[in-house]
Amino acid sequence: MKTTQKLFIGLLCLSAAAALADFYHIGSVHNGVGQVSDNTVSLGGRDWRHVSSGAQPGGIGIGGAGTIDHRAGFLQAVEVRRWDLDTDGDGVPDELDWDNDGDGLSDLDEITGAPWGGIVTSDPNNPDTDGDGASDLMEAIAGTDPTNPDSVFKIIHIDSDGADAEVTWTARGNHERMYVVRAIDNSYDDAPHIVIWSNTVPGGEAPWFETTGTIADPAINARFFAIEVIRP
Ligand SMILES: [Ca+2]
Ligand SMILES: [Ca+2]
Ligand SMILES: [Ca+2]
Ligand SMILES: [Ca+2]
């Protein structure tokens, strides 16, 4: 937790410097603990407000070389031009929102790309960075690329293979995800809920291990299929 807080503080310090350079949307990454001041400050013909963090490490510490480091209070000096910006419209301004776009992934996870092992990063102000219909959180769970609209979890083929029905979907190989294939006989009255197969899928190449999964369903009735992906 301390590591996370320190990272936020570093970002806010950068934001304070950026404010002097006529920066509009600053400090949009926050730990969600602080508060916005009621006091407005006019600077350069614009209004700014202070944002504080309630979870910063406080007090005075001793540095590695025996120097004294002040750790408390400096965040009070951060001034924010767009204190009222609320990307996802949930009533919590971005400065205090741990998840600006409301996609279920924290701002920190999105700007570091931690859910994807740092291979790519997603946009903390866009719930579906690549616009493929799968939210950034869904792509994190499925292990697909949030910046590539061609990389998305879906059924791509249902066909007959002799007497069997063959179902194929886009999968993450290397046994990194669990897939559950569900089916139900020809009916519009219920969602597919009968589990007919579940396992991991091998194959693919690093870093994405993109491949396909295929199962053959020997049932003789017409069926609807659904695939579920589980991130261990
Ligand atoms: Ca988010
Ligand atoms: Ca996002
Ligand atoms: Ca997407
Ligand atoms: Ca994608």
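Read the numbers this way: they start at 1 and go in the same order the structure lists the ligands and their atoms.
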Subject >> Derivation of the side chain to side chain donor-acceptor pair (under 3.5 Å) call for N100 and N125 >> reply: CA-CA 6 Å; N100 282 3; N125 295 314; 3.0 Å; yes

**OP:** Please find out if the Ca ion (ligand 4) and some N, O or S atom of D150 are separated by less than 3.0 Å.
**Re:** no

Original post:
Would you say T170's side chain and K154's backbone share a donor-acceptor pair under 3.5 angstrom?
Top reply: yes

Original post:
Is the closest side-chain donor-acceptor distance between D94 and T87 under 3.5 Å?
Top reply: yes

Original post:
Ignoring hydrogens and geometry, is there a side-chain-to-backbone donor-acceptor pair from D132 to V152 under 3.5 Å?
Top reply: no

Original post:
Of the backbone and side-chain N, O or S atoms of N148, does one lie nearer to the Ca ion (ligand 4) than 3.0 Å?
Top reply: yes

Subject >> the Ca ion (ligand 2) to D103: nearest N/O/S atom name >> reply: OD2

Original post:
Does the pair E228/R182 count as a salt bridge with the N-to-O cut at 4.0 Å?
Top reply: yes

**OP:** Decide, counting backbone as well as side-chain atoms, whether D109 has an N, O or S atom less than 3.0 Å from the Ca ion (ligand 1).
**Re:** no

Original post:
By atom name, which N, O or S atom of D145 is the nearest to the Ca ion (ligand 4)?
Top reply: O

**OP:** Return yes if some donor-acceptor pair links the side-chain N/O of D101 with the main-chain N/O of N126 below 3.5 Å, else return no.
**Re:** yes

Original post:
With a cut-off of 3.0 Å, does any N, O or S atom of D128 fall short of it relative to the Ca ion (ligand 2)?
Top reply: no

Original post:
Quick check: does any side chain N or O of D88 sit under 3.5 Å from a backbone N or O of G102, one acting as donor and the other as acceptor?
Top reply: yes

**OP:** Kindly report the O-the Ca ion (ligand 2)-OE1 angle for D123 and E110 respectively, rounded to 10°.
**Re:** 80°

Original post:
Okay, side chain of S151, backbone of D145: is any donor-acceptor separation there less than 3.5 Å?
Top reply: yes

**OP:** Can you tell me, to 10 degrees, how wide the angle at the Ca ion (ligand 1) is between OD1 on D101 and OD1 on D99?
**Re:** 80°

Original post:
Angle subtended at the Ca ion (ligand 4) by O of S151 and OE1 of E139, to 10 degrees?
Top reply: 80°

Original post:
Is the Ca ion (ligand 2) under 3.0 Å from any N, O or S atom of N126?
Top reply: yes

**OP:** Please confirm if an N, O or S atom belonging to L105, backbone or side chain, lies less than 3.0 Å from the Ca ion (ligand 1).
**Re:** yes

Subject >> Any N, O or S atom of D136 closer than 3.0 Å to the Ca ion (ligand 1) >> reply: no

Original post:
Should T200 and H175 be marked as a side chain to side chain donor-acceptor pair (under 3.5 Å) after you check the CA-CA gap, both sets of side-chain angles, and the distance that decides it?
Top reply: CA-CA 5 Å; T200 59; H175 304 285; 2.8 Å; yes

**OP:** Using the Ca ion (ligand 4) as the apex, give the angle to atoms OD2 (D132) and OD2 (D130), rounded to 10 degrees.
**Re:** 90°

